[in-house]
Amino acid sequence: MEHLREDLAGKRNSDQAKAYISQALRRLGGARTLAIKPRSFKISKGTADALREIEHEHNLVRDALVNRLIVLMRGRRGLLRALDLPDAVRWSSDYGSTLHVGPLPNLLEVLSDPLYNLRVECQRVHGCGLHALDLPPELVGLSLYLEDEDVPGTDASALREAWAAELNMLADAERFTDGLTPIRPRT
């Protein structure tokens, strides 16, 4: 929860962004390649309370968060490539870069912070926290935050599209003028 709070500090989804993420998540569930099935997880009351608080503070889609965590924990190569993150790193942790001889201490360390290496690499490669990283458009349903300009149908999105159209017209005009010969003053 501490990393989630840190990554989303100062960000809150508008109601339109939340609805868009929720719709996109439902569309993901309908895709054959990403079979999302209802599941129940038992978590401690403290974790549930903290999650509820973060959910309200940032206007999150809770199911997007849970599914995002599962997708990230799986660490599939295709997703990691799409996020421009490596699929393997030299073992690193807060306790040093060596592995214990027995597997249980290593397992306990990984379970205490399972997204540690992904988080470190995300910060190194993209300069942001893992929970703040934008996902590919196909996975927008796993987004935790979207700017309104990224939500179709919002005023901010329409304004960005209008600016893009203006810039394209200017670029077209510049390309047209590139082939013109200069006018020479008559002497």
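Because the structure is a prediction, the values reported are computed rather than measured. All heavy atoms count here, side chains included; hydrogens, waters and symmetry mates do not.
- The two residues A64 and G141 have their closest heavy-atom pair at CB-O, 3.3 Å.
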Going by atom type alone, with no hydrogens or angles, which donor-acceptor pairs under 3.5 Å involve a side-chain atom of residues 125-139 and a protein atom two or more places apart or on another chain?
from	atom 1	to	atom 2	distance (Å)
H126	NE2	L83	O	2.5

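- Hydrophobic clustering of Ile, Leu, Val, Met, Phe, Trp and Tyr side chains at less than 4.5 Å, counting indirect connections, keeps L146 apart from V66.
- By the neighbour-count criterion of 12 heavy atoms within 6.0 Å, atom CZ of R62 is sparsely surrounded, having that number or fewer from other residues, nucleotides or ligands.
- At least one side-chain heavy atom of L60 sits under 4.5 Å from a side-chain heavy atom of L8.
- Here D150 pairs with R160 under the side chain to side chain donor-acceptor pair (under 3.5 Å) rule; sequence neighbours left out.
- V151 is not listed as a side-chain neighbour of I21, based on a closest heavy-atom distance of 4.5 Å or more.
- Not counting sequence neighbours, A19 has no partner by the side-chain contact (heavy atoms from CB on, under 4.5 Å) test.
- In this structure the side chain of I70 reaches within 4.5 angstrom of the side chain of F41, judged on heavy atoms.
- Closest non-hydrogen pair, R119 versus D113, comes out as NH2-OD2, 2.6 Å.
- Atoms CG and CZ, on L144 and R68 in that order, are 4.5 Å from each other to the nearest 0.5 Å.
- Here the side chains of E2 and R5 are not in contact, with every heavy-atom distance at 4.5 Å or above.
- Two residues are said to be in side-chain contact when any heavy atoms from C-beta on lie closer than 4.5 Å; L72 and L79 meet this criterion.
- You'll find the side chain of L4 stays beyond 4.5 Å of the side chain of H58, heavy atoms only.
- Side-chain atoms of T154 and S157 include no donor-acceptor pair closer than 3.5 Å.
- With a 4.5 Å cut-off on side-chain heavy atoms, D15 and N59 count as touching.
- Around the CG atom of D87, the shell of radius 6.0 Å holds more than 12 heavy atoms that belong to other residues, nucleotides or ligands.
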Show the numbers, then the answer: is there a salt bridge (Lys or Arg N to Asp or Glu O under 4.0 Å) between E55 and R52? CA-CA 5 Å; E55 180 184 354; R52 212 173 289 110; over 6 Å; no

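- Counting only heavy atoms from C-beta outward, the side chains of V61 and N13 never approach each other to under 4.5 Å.
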